[in-house]
Amino acid sequence: EGMNPTGSFKARGMALAVSMAKHLGAQSLAAPSAGNAAGALAAYGARAGLSVTVAMPEDTPKSFLDECALYGATVHRVAGTIADAGKFLREHGPADAFDVSTLREPYRIEGKKTMAYELVEQFDGDVPDVVLYPTGGGTGLIGMWKAFGEMQALGWIAQGRCPRFVSVQAAGCAPVAKAFLEGSERTEPWPNPHTRAYGLRVPSPLGGFLCVRALRETKGTAVTIDEDETERATFDLAAHTGIDVCPEGGAAWAALDKLRRSGFIRADDKVVVFNTGTGLKYR
């Protein structure tokens, strides 16, 4: 996904969200972000001629902040996590700005569905057996789950043909994995979240219950990866592929190894591992 215009999968959702916001008459947009969503919103907002305000945790890498400033967005650095950034915007953001944060509007999910369409296209009309997806807010996971269901209903793919989804989270912030593995239907806020994979540092995902439901309905699972595993896997994948892997993608690569050893992924399974963005922004 690092090949997208703003270097991450967030371009898919924001391209549609901003297009529809402009179509429906919005003049100003705002969203909290761990980094990549802010850059995508700023870029597409600039192209649409809409003012953009973003808030990010103060320890977000400087490259994300600089990217947003380059596109003319108003940038706020906020102490804490993305949840604190969202609270800041609700209390101090522009009064006329429409909130395009995760699942506060319907169109980002629709944009993320294109990942599922492309998988079916690239598999010549078939479906992979397993999809490993780094999960923060979960819009990509939810969007693909929705898309596969709709493709079945349209007759584009066979009934019952849906990948087993795997939610990959950082051990230092794993509300979806915790809920799934404990048999809960809903996530609970994760205390003191920490991970260098900033896109996975989402302690209170609004769509957490949908992520859990997607995992259960597709007979998938959830995996947590610690920081050392993530770092090793990031360098390993980059060194063997020439792909500039982000830490979130490294976590997903580490999860593949765990699931192979556990037997969840079999030798003959067709597996897709998502690298959700370029690693350039993390250095």
Side-chain angles (χ1 to χ4, degrees), residues 1-22 26 28-78 80-86 88-89 93-94 97-105 107-112 114-115 133-140 143 195-202 205 234 243-251 274-283:
E1 292 295 292
M3 296 173 66
N4 283 320
T6 57
S8 85
F9 75 117
K10 297 292 185 179
R12 295 178 184 265
M14 286 301 184
L16 189 53
V18 173
S19 296
M20 288 304 298
K22 185 174 179 66
S28 178
L29 305 173
S33 172
N36 278 316
L41 175 59
Y44 287 102
R47 181 66 182 87
L50 303 178
S51 65
V52 169
T53 301
V54 296
M56 288 179 273
E58 61 184 2
D59 61 350
T60 301
K62 185 174 180 292
S63 57
F64 291 102
L65 306 171
D66 291 346
E67 178 186 23
C68 294
L70 175 68
Y71 295 131
T74 299
V75 182
H76 297 281
R77 297 175 64 204
V78 178
T81 69
I82 189 173
D84 298 297
F88 173 88
L89 284 179
F98 186 80
D99 183 358
V100 292
S101 57
T102 301
L103 293 173
R104 298 284 182 182
E105 54 78 57
Y107 301 109
R108 286 177 63 181
I109 286 285
E110 297 301 302
K112 298 290 180 63
T114 56
M115 292 189 291
Y133 198 80
T135 307
T139 52
T195 176
R196 183 178 170 272
Y198 297 101
L200 303 184
R201 194 175 62 179
V202 182
T234 301
I243 296 170
D244 190 7
V245 182
C246 66
E248 294 85 354
F274 270 88
N275 175 52
T276 48
T278 176
L280 282 172
K281 298 182 182 182
Y282 292 80
R283 292 192 288 275

Open item on the list: If we ignore hydrogens and angles and just use 3.5 Å, is the side chain of Glu248 paired with the main-chain N or O of Thr276 as donor and acceptor?
Closed with: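 No; judged by distance alone, with no hydrogens or angles, the pair does not exist.
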Open item on the list: To the closest 0.5 Å, what do you measure between OG1 (Thr53) and CG (Leu29)?
Closed with: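 The CG atom of Leu29 is 9.0 Å from OG1 of Thr53, to the nearest 0.5 Å.
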Open item on the list: If you apply the rule salt bridge (charged side-chain N to carboxylate O under 4.0 Å, His left out), what do you find for Glu1 with Arg12, and how did you get there?
Closed with: CA-CA 9 Å; Glu1 292 295 292; Arg12 295 178 184 265; 2.6 Å; yes
Kindly give the heavy-atom pair with the smallest separation between [X] and [Y], and that separation in Å.
| X | Y | value |
| --- | --- | --- |
| Val78 | Ala55 | CG2-CB, 4.0 Å |
| Ala34 | Pro57 | CA-CD, 4.5 Å |
| Arg108 | Ala37 | NH2-CB, 3.9 Å |
| Phe9 | Thr139 | CE1-OG1, 4.5 Å |
| Met56 | Leu65 | CE-CD2, 3.3 Å |

Holding to side chain to side chain contact (heavy atoms under 4.5 Å, CB included), I want the full list of residues that pass it with [X], two or more places apart in sequence or in another chain.
| X | result |
| --- | --- |
| Ala43 | Thr6, Tyr71 |
| Ser28 | Ser51, Asp96, Ala97 |
| Ala48 | Val18, Lys22, Leu50 |

Open item on the list: Listing request: all salt bridge (Lys or Arg N to Asp or Glu O under 4.0 Å) pairs with a residue in residues 49-70, at least two apart in sequence or in separate chains.
Closed with: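 As it turns out, the salt bridge (Lys or Arg N to Asp or Glu O under 4.0 Å) pairs with a partner in residues 49-70, which skip direct neighbours, are Asp59-Arg201, Lys62-Asp66, Glu67-Lys281.
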Task: Pair listing, ring-ring contact (aromatic ring centres under 6.0 Å, His included) test, anchored in residues 31-64, at least two apart - done: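 Those involving residues 31-64 are Phe64-Tyr282.
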Task: Set of residues satisfying side chain to side chain donor-acceptor pair (under 3.5 Å) with respect to Glu110, sequence neighbours excluded - done: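 Glu110: side chain to side chain donor-acceptor pair (under 3.5 Å) contacts with Lys113, Lys146.
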